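Scroll down for the structure; my scribbles are underneath it.
Just so it is clear: chains get the letters A, B, ... in the order the sequence lines come, proteins before strands, and each one is counted from 1. Just so we're clear, the structure is a prediction, and the values are computed from it rather than from any experiment.
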Amino acid sequence: MYALQVKDLTKVYSSRIRAVDSISFNVESGEIFGLLGPNGAGKTTTIKMISTISRPTSGSILVFGVDAEKHPDKVRELIGYIPQSVSVDGDLTGYENLLIFSKLSYVSKKERDARIIFALEYMGLKERANELVKHYSGGMMRRLEIAQALVNRPKLLILDEPTIGLDPASKTKMWDYLKKMNREFGTTILLTTHDMAEADLLCHRIAIMNAGKIAAIGSPQELKMSVGVEMIKLCLDSSAIEKLVIPDELGKIIGYENSSVIISVENAEKKIPSIVEYLLKRGIKIESISFNKPTLNDVFLKYARVAFEEGESYSQARMTRRVFARRSR
Amino acid sequence: MIRIVKFLSSSLTIAEMEARKIRHDSTELWTRAVQPALWLLLFGEVFNRIKGITSSNISYITFIAPGVLAQSVLFVSIFYGITIVWERDVGLLTKLLSTPSPRSSIVVGKALAAGVRGIFQAIMIFGLTLIIGINLRLDPFDVISVFVVIVLFAMCFSSLSMTLASLLKTRERMMGIGQAITMPLFFASNAIYPLDLMPEWLRTISLFNPLSYVVDAMRSLLITGDYSGIPLDAVALVLSTLIFVSLASIMIRRLIE
């Protein structure tokens with residue numbers, strides 16, 4: 001079953017800017033799906049429409065089969081939305097934030113208290129549950145937002161740039177929590193990011209957006225394969241190079257360069273030991289080995305080649321600044 | 001759960017949120033009490049020496065006490081939209097509106113929250129009148145009725161403010177429009193002088209000013225004990241509250257789009 005079906009989704013703003021231009025994609029139940037793209041690509045607009053916050057100009061959105069245009073209230077019962085800017089209330093305590101939002105999400109009284117206690121412990125916030133949230137660090141505020149999702153248990157959790165502005169340690173922690181939530185509760189997760197490492201580590205599948213369109217879609221592995229092959233460069237004795245033959249299961253010689261041979265392989269890390277063994281057996285001396293594999297960065301640059309500053313609208317720049325200003329308070 | 005129960009529970013939860021915030025930090029309540037205190041202690045005391053503003057045997061300072069109370073609630077409510085814009089800016093409003101709670105219940109809840117603040121204002125001002133010895137009829141029925149009037153009144157004008165916020169979208173503009181609205185509303189009402197003293201044209205305007213009905217109701221409850229005008233006041237107040245709450249519920253989505 002699909003958690004999300006987006007078809008021909010379009011959003012045109014009054015100034016006739018096509019922020020999202022007829023995109024279609026599906027997210028399977030239980031998947032972690034990432035929307036990647038430069039600033040201004042239309043990621044946030046897309047998830048705002050999915051969260052029923054903004055109305056599509058045309059196209060359809062089905063969340064677990066429910067039409068978001070016809071029954072936005074029913075869709076809101078299925079989703080949890082965590083916007084880019086911190087959305088917890090600084091003037092309330094961590095506990096109160098969980099309590100108020102669980103009430104607004106109609107979590108039954110019976111389950112509420114147990115879930116809140118569990119979420120606070122699970123996210124490591126128990127000690128500071130009764131402190132005002134404005135005294136929390138940026139990472140803790142994000143954890144509290146995930147805790148809200150743990151209390152309300154949405155079937156589809158939507159996050160806009162979940163780790164923007166977090167330090168590397170908090171980032172890694174956040175990834176662990178999201179993965180755990182996906183695994184233990186079967187929560188389908190839709191997130192936007194422009195952090196390649198995040199997309200690679202976290203997402204089962206990603207879609208790369210550029211200028212309101214989806215430029216590429218697939219698993220991180222598939223996308224990396226689509227931009228280029230992995231290559232091993234072997235520096236050998238020049239006499240050995242000419243008559244070097246490599247069996248097909250190890251790789252394919254695709255070129256020569258000075259005293260080196262370049263071999264295209266699948267999964268370089270695993271093939272290197274076999275190739276070394278093969279060469280040594282035939283008495284060929286290896287001077288050095290290096291290898292190169294495409295990263296999601298290459299994928300990103302290929303499909304979203306747009307000047308970063310150019311794509312960034314004024315309001316988004318302002319929004320990002322606000323996030324930082326709030327975090328650094 | 002049936003719809004109406006869900007609606008009420010969400011609205012009350014939003015009001016509860018406000019009450020909890022006031023409990024954590026009550027500074028604003030105290031600073032907001034300064035202005036009405038000045039109106040009573042300075043303006044009221046001085047004008048109290050001029051006889052003839054009020055027709056009957058009521059002293060001027062007693063006469064304006066309900067007006068000052070209404071004015072301070074008006075201030076709380078008319079600037080409530082600024083809080084909403086701020087909540088939009090930090091992402092909180094988006095989060096509230098993405099919960100399964102109906103959007104109108106969030107608006108009603110916010111309006112109720114303004115009412116909660118209004119009641120605290122009233123308590124402060126009642127305390128003040130006791131200290132300076134203004135004689136108000138503070139028996140339970142009257143006080144509770146005044147609270148009801150205050151909640152409706154705060155809901156009415158905070159909804160107007162939220163509607164304006166949905167159109168204007170920035171805090172700076174809201175500050176400006178708030179200033180521009182409050183004073184005309186205040187002076188075109190019976191808050192600090194009786195309707196009889198007004199020129200004909202101003203009296204006509206004041207008939208369309210919800211503040212006049214609020215002050216009239218409060219004055220009947222707190223001073224004269226003559227309830228004959230209250231049904232009309234109630235109808236006018238409830239009607240304008242319904243209109244503005246509905247308007248704000250429709251408009252609020254413009255703020256987050």
Between side-chain atoms of residues 91-100 of chain B and protein atoms elsewhere (two or more places apart, or another chain), which donor-acceptor pairs fall under 3.5 Å?
| from | atom 1 | to | atom 2 | distance (Å) |
| --- | --- | --- | --- | --- |
| B:K95 | NZ | A:S87 | OG | 2.8 |
| B:K95 | NZ | A:Q148 | OE1 | 2.5 |
| B:S98 | OG | B:T94 | O | 3.4 |
| B:S98 | OG | B:K95 | O | 3.0 |
| B:T99 | OG1 | B:L96 | O | 2.7 |

Where does [X] contact chain B at under 4.5 Å (heavy atoms): side chain, backbone, both or neither?
| X | answer |
| --- | --- |
| A:E96 | side chain |
| A:F101 | side chain |
| A:L78 | neither |

Subject >> Between A:T52, A:D91, A:V75, A:I53, the one whose heavy-atom pairs under 4.5 Å with chain B are most numerous >> reply: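 Highest number of heavy-atom pairs under 4.5 Å: A:I53.
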Original post:
Of all of A:N152, A:N97, A:I82, A:L132, which one pairs up most often with chain B through heavy atoms under 4.5 Å apart?
Top reply: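 Option with the top pair count is A:L132.
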If you look only at distance, which donor and acceptor atoms sit under 3.5 Å apart when one is on a side chain in residues 55-74 of chain A and the other is two or more places apart or in another chain?
| from | atom 1 | to | atom 2 | distance (Å) |
| --- | --- | --- | --- | --- |
| A:T57 | OG1 | A:V12 | N | 2.7 |
| A:D67 | OD1 | A:E69 | N | 2.8 |
| A:D67 | OD1 | A:K70 | N | 3.3 |

**OP:** Could you have a look at B:E16, B:R23, B:R253 and say which one has the most heavy-atom pairs with chain A under 4.5 angstrom?
**Re:**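 The option with the most such pairs is B:R253.
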**OP:** Output the distance between atom CZ (B:R88) and atom CD1 (B:I84), rounded to the nearest 0.5 Å.
**Re:**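 B:R88 atom CZ to B:I84 atom CD1 measures 11.0 Å (nearest 0.5 Å).
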Original post:
Quick one: does NZ or CZ of B:K6 land under 6.0 Å from the six-membered ring centre of A:Y106, within 45 degrees of the ring axis?
Top reply: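 Yes; both conditions hold, so B:K6 lies above the ring face of A:Y106.
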Original post:
Does the side chain of A:D195 pick up a donor-acceptor pair with the side chain of A:T193 at under 3.5 Å?
Top reply: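 No, because no side-chain N or O of A:D195 sits under 3.5 Å from a partner of the opposite role on A:T193.
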